[in-house]
Amino acid sequence: MNDHNYFSWGRLKRASAPQVIKPNNYEDLLKNLKKHRKLGKVLPIGLMRSYGDSCLIKEGLLLDMTEFKKINSFDEQSGLINVQAGISLDELLKFIVPKGWFIPTSPGTKYVTIGGAIANDIHGKNHHKFGSFCNSVKKIKVLSTEGKLQLLEDPDDEMFKATCGGLGLTGLILEAEIELAEIKSSYLNVETIKFNNLKEFFEIEKQSIENYEFTVSWIDLTNESKYFGRGLFQRANWADDKDLTPHSSFKIPIPFGVGFNLVSKKLMKLFNFLYFSKNLKKKTKEKTHYGTFFYPLDVLRGWNKLYGKNGFSQYQFVLPEENSKTGLDEILEVLKNDKFMPRLCVLKTFGKIPSLGHLSFPLKGTTLAMDFPVNIKKNKNLYSKLDEIVIKNGGRIYPAKDSFMNSKTFQSSYKNFHKFKKFKDTHISSDFWERVS
Ligand SMILES: Cc1cc2nc3c(=O)[nH]c(=O)nc-3n(C[C@H](O)[C@H](O)[C@H](O)COP(=O)(O)OP(=O)(O)OC[C@H]3O[C@@H](n4cnc5c(N)ncnc54)[C@H](O)[C@@H]3O)c2cc1C
């Protein structure tokens, strides 16, 4: 298959179109690997929900792994499941939820594969209870481009640590065994609390961390506004009503080919104002299906096209706990005085469970994710100022979202970069890796 418009989620168009193949069985995969190894680099991919260029390669072959989606085994008593890595969370949840199980860590979309979840060691709203995705992964089967199969079972093994959060660069993830989380309902009891500034956010966070499995906040960073820094804090626990209905597949399509940015500054200011004000009360409670709670944007098919033909970029960083408050104050000060306004912003605290991967993103502290339309000059200008603050405060930027970080920023913030490099498969690369390594 040749696709001349292959995009990552931020819809960053590549200068030269890559070749893409989608093997549908193991023999086909081996045959293609052998053929293409001689021609150049390859990169395994899932559903391309990474925003930046970690799932792209300009001069090489993209190996689409989504045909590998079998459930190999499932123990309903212990919740241990063994799956092929191309299965999506969407497909997996439809199978496990009616049986009373859920994925241990969920991102903000169900359209990611298990391979992608491992390769970015993704985090969810319950990081303070479960850590990141690979903390629940018991086994990983990896195939090198030379055809060598490895079963990784020991989380202390260096290859295991390199593969978790290893951006697909250590080999093709074929299968994984995951410890699922037990649920008694597909609904969550969700409380939403208004906060007016970061100080209030940290106070509510402190009160919530013990008794709530899930916490996340939307924050309004509309500059030139008196409401800058206010937001909605959400905290939730699973309900207990035995209703195990899985999510629906209903979607509203976004017309293809919107050529201009619909997420304009003016519109976002209005949206943020209305969103904050939709509830008059300081605190509200509701029972919400997991489909709505975890995946609110999935209902809009192709919402990433709303930013128009230039696409959009997400800047997500984490700051260690000891510097979270001062560092965030500094970042907000820069954003307030910059004309380039972030659109959708999400704030979240990570807990103390250490991530396994040499290149895993999460660390104990606070993370902020901000969506910006793409305007290369403005993105570069603002991000370089933010990078400086993040690095100075001992933080780092999330590769799954990134398209701009330079090698100095990456290597100085990911301290195990050199340990990781020893396990990189020489025939695999990505545009992200070419930029930062
Ligand atoms: C709306 C939205 C919300 C999101 N929310 C979150 C969130 O809350 N938390 C979070 O952590 N992330 C979040 N993400 C990011 C997303 O979870 C990650 O980018 C994830 O890795 C995407 O998985 P994918 O299957 O699409 O993989 P791709 O984007 O296709 O690839 C991602 C990486 O995985 C590698 N890879 C994929 N499959 C394999 C394989 N079989 N073998 C080896 N390597 C492989 C690729 O080489 C690449 O480096 C969000 C993304 C979106 C679009």
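Both counts, for ligands and for their atoms, begin at 1 and track the order of listing.
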Ligand 1 versus Phe432: contacting region, heavy-atom distance under 4.0 Å: neither
Location of contacts on Leu43 toward ligand 1, heavy atoms closer than 4.0 Å: side chain
Region of Arg49 engaging ligand 1 - heavy atom pairs below 4.0 Å: both
Lys/Arg N to Asp/Glu carboxylate O, Asp371 vs Lys401, below 4.0 Å: no
Polar atom proximity, Ser54 to ligand 1 (N or O, under 3.5 Å): yes
Under-4.0 Å heavy-atom contact with ligand 1, by part of Trp303 that carries it: side chain
Residue Gly171 vicinity, atoms of ligand 1 by number, heavy atom under 4.0 Å: 43 (C)
Ligand 1 versus Phe361: contacting region, heavy-atom distance under 4.0 Å: neither
Per-atom contacts of ligand 1 with Leu167, taking only distances under 4.0 Å to non-hydrogen atoms: 47 (O), 49 (O)
His127 side chain reached by Pro362 side chain, heavy atoms, under 4.5 Å: yes
Other residues, nucleotides, ligands: >12 heavy atoms within 6.0 Å of Lys70 NZ: no
Pair Lys138 + Glu177, salt bridge at N-O below 4.0 Å: no
